[in-house]
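Both ligands and their constituent atoms are indexed starting at 1 by order of listing.
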Amino acid sequence: MIPYGKQDINQADIDAVVSVLKSDFLTQGPQVPAFEKALANICQAKFAVATSNATSSLHIANLALGVGQGDIVWTSPITFVATSNSALYCGANVDFVDIDLHSGNMSIDALKEKLKISKQNNCLPKVVIPVHIAGQSCQMQEIHHLAQEYGFSIIEDASHAVGGQYQNSPVGSCTFSDITIFSFHPVKIITTAEGGMALTNDTKLAKKMKCLRSHGIVSDQEQMHEPSHGPWYYQQIDLGFNYRMTELQAALGLSQLNRINTFITRRNQLAKNYDQAFIDDKLTVLKASENTLSAYHLYLILLPETKGEEKEEKHKQAIIQLRKNNIFAHVHYIPVHLQPFYNKLGFRKGDFPNAETYYSRVISLPLYPELTTKEQKHIIEQVKALR
Ligand SMILES: *Cc1c(COP(=O)(O)O)cnc(C)c1O
């Protein structure tokens, strides 16, 4: 079976992890700060805070921005559940902004409209979390303008987009946001097995996230509420968590970073092959817009529009057909508002029509650096054979 995504691990990665195993520190040593510094440099951001996964990064990002009981957080319905869950962890109320069908990203028009209405009803969001679906940045400058007009903060969920660019700047530079989150799950662009990172240019936010990642504890005198008792001393100043990344993970991440450009180039090449192959077909491919370089975490196609009941069946049959032919086609994502847990919160079918149309048509085709030309040919043939 050709998977939809897969990690790329070489001997250098293995050596990096083994050398940590033989070293003094398995956690809280030099690798994590080195990985943070390297990624912050690549992204041209001031600070980076590594965590156990992107979900924990999202959680402490929300908390650092002050999200709490009764606050409102908006995101896209086309994302992994972790994005919206992270706001629920803080006691916030979540709502969604429908997507733009051409990009799969949060629609700027829908966002504008929803902000206008919410201002009248006095229920503006505290934080908006745009999600860079498939690795293509959202139109961050527009979202940033709206943030200034309506006074909300921005967390970019760039779980798919490390290595990508927006307006010739690296995703993660936080030029148009408060915090950017990356995921290093094995299917993503670079991996640490489990792992995440929160980037920011704001000293206070960085300090707060570092503190929350490790039990709310500080050992820096400057942040303490009373003078230190001595060299052993630390203080708990907040209710934090154990969301730390291990040294093994950071060493793997550092080693993977050496190949991030190779990965992005290869992913873009494979995406271009798909684009060219499907140019005359009735499929819609979700293309990168001109001012972005997609990291191409996913290659997404939309099946031709069909009406009524038939469309769900056609979509399902297409995926079954591809899997029968050894292609592990997938769906990213089931709209979050349609999940039973979110139904309990009051969301209903019909709430976000574009997201639902997208869900009835979208297929993720295999895309990862080691995908061979031969495998890709097979995938293209099978997609073209779909009826
Ligand atoms: C993978 C992913 C997450 C969660 O990442 P983890 O590192 O697995 O916690 C969050 N948001 C999006 C959009 C993702 O794709």
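Under the 4.0 Å criterion applied to side-chain N and carboxylate O atoms, Asp13 and Arg259 are assigned as salt-bridge partners.
For Lys188, the heavy-atom gap to ligand 1 drops under 4.0 angstrom. Ligand 1 does not have Ser57 within reach: every non-hydrogen atom of the residue lies 4.0 Å or more from it.
Only the side chain of Ser159 comes within contact range of ligand 1, with a heavy atom under 4.0 Å; no backbone atom does. The proximity of Thr79 to ligand 1, defined as any non-hydrogen pair under 4.0 Å, is limited to the side chain. When non-hydrogen atoms are compared, ligand 1 lies under 4.0 Å from neither the backbone nor the side chain of Phe182. With a 4.0 Å heavy-atom cut-off, ligand 1 is reached by the side chain of His160 but not by its N, CA, C or O.
Side-chain polar atoms of His215 and Gln236 form no donor-acceptor pair below 3.5 angstrom. With no hydrogens or angles considered, a side-chain donor-acceptor pair links Ser159 and Asp157 at under 3.5 Å. No side-chain N or O of Ser169 forms a donor-acceptor pair with one of Ser173 less than 3.5 Å apart. Remark: the Asn62 side chain and the Ser86 side chain contain an N/O donor-acceptor pair separated by less than 3.5 Å. Using a 3.5 Å distance cut-off with no hydrogens or angles, the side chains of Asn291 and Gln165 do not pair a donor with an acceptor.
For the pair Ile189/Phe184, no side-chain contact is recorded, criterion being any heavy-atom separation below 4.5 Å from C-beta on.
Which parts of ligand 1 touch Thr83 is read off a 4.0 Å heavy-atom cut-off, strictly below it: atoms 11 (N). Atoms of ligand 1 found under 4.0 Å from any heavy atom of Ala54 (numbered from 1 in listed order, with element): 4 (C), 5 (O), 6 (P), 7 (O), 9 (O). Numbered from 1 in the order shown, with element, the atoms of ligand 1 that lie under 4.0 Å from a heavy atom of Gly195 read 7 (O). Ligand 1 places these atoms under 4.0 Å from at least one heavy atom of Ser183: 1 (C), 5 (O), 6 (P), 7 (O).
Inclusion of Val131 in the set of residues having an N or O under 3.5 Å from an N or O of ligand 1 is not warranted. Taking only nitrogen or oxygen atoms, main chain and side chain alike, Glu194 does not reach within less than 3.5 Å of ligand 1. Annotation: His185 places no N or O atom under 3.5 Å from an N or O atom of ligand 1; distance criterion only.
Phe241 and Tyr243 have parallel rings, their planes meeting at less than 30° on a 0 to 90° scale where 60° marks the start of perpendicular. Classified by interplanar angle (parallel below 30°, tilted 30° to 60°, perpendicular above 60°), the ring pair Phe352/His337 is perpendicular.
Heavy-atom neighbours of Ile334 CD1 from other residues, nucleotides or ligands within 6.0 Å: at or below the threshold of 12.
Among protein heavy atoms, atom 11 (N) of ligand 1 sits closest to Asp157 OD2, 2.8 Å. The nearest protein atom to atom 9 (O) of ligand 1, hydrogens excluded, is given as Thr55 OG1, 2.5 Å; this is a heavy-atom distance.
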